[in-house]
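Written out below as structure tokens is the structure these notes cover.
Both backbone and side-chain heavy atoms feed into the values below; hydrogens, waters and symmetry mates do not. Model, not experiment: these values are computed from the prediction.
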Amino acid sequence: HFGSSSIPALRAASPAGAGAMSTGKRAPSDFIKQVLGRPVIVKLNNGTDYRGVLACLDGYMNIAMEQTEEYVDGVLKNKYGDTFIRGNNVLYISAQPKQRRA
């Protein structure tokens, strides 16, 4: 279920330099709260990347995303509206770097 129950220790990744670490240790749940509703990259165990807006996730790392794009070997393969990913397939979640508009 995708409720707002407490999130146990999650495997989450954040790009280098994303936020100040000088205030001490941050829990993975802090990272998740920070990126909910924002663009993320979800890397699966098979190497596929899903990039989109993180709608919600639960303690099992089951993920719901919106405006999702599927990348295989760095090449865009598909675009989806809403996407659901089962948590046991997730290698990591990372905040998507902000893109510069030319």
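- Screening residues 34-53 for salt bridge (Lys or Arg N to Asp or Glu O under 4.0 Å), with sequence neighbours left out, gives Lys43-Asp49, Asp49-Arg51.
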Pair Ile32-Asp30, side-chain contact (heavy atoms from CB on, under 4.5 Å): steps then yes or no: CA-CA 5 Å; Ile32 297 301; Asp30 294 336; over 6 Å; no
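- Sorted by first and then second residue, the salt bridge (Lys or Arg N to Asp or Glu O under 4.0 Å) pairs with a member in residues 70-91 read Glu69-Lys79; sequence neighbours excluded.
- Counting side-chain heavy-atom gaps under 4.5 Å among Ile, Leu, Val, Met, Phe, Trp and Tyr, the cluster of Leu76 also holds Tyr71.
- Note: Tyr92 OH to Asn45 CG = 11.5 Å, rounded to the nearest 0.5 Å.
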Audit row: Thr83, Ile63, side-chain contact (heavy atoms from CB on, under 4.5 Å) steps and yes/no: CA-CA 8 Å; Thr83 305; Ile63 297 171; over 6 Å; no
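- Taken from CD in Glu66 to SG in Cys56, the straight-line distance is 8.5 Å, to the nearest 0.5 Å.
- Distance alone, capped at 3.5 Å, places no donor-acceptor pair between the Asn89 side chain and the Leu44 backbone.
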Audit row: Gln67, Val53, side-chain contact (heavy atoms from CB on, under 4.5 Å) steps and yes/no: CA-CA 6 Å; Gln67 305 167 33; Val53 177; 4.2 Å; yes
side-chain contact (heavy atoms from CB on, under 4.5 Å) assessment of Ile41 paired with Tyr50: CA-CA 6 Å; Ile41 301 170; Tyr50 287 90; over 6 Å; no
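- Of the inter-residue distances, the one linking Ile93 atom CD1 with Phe31 atom CZ reads 6.5 Å to the nearest 0.5 angstrom.
- At least one side-chain heavy atom of Ile85 sits under 4.5 Å from a side-chain heavy atom of Val42.
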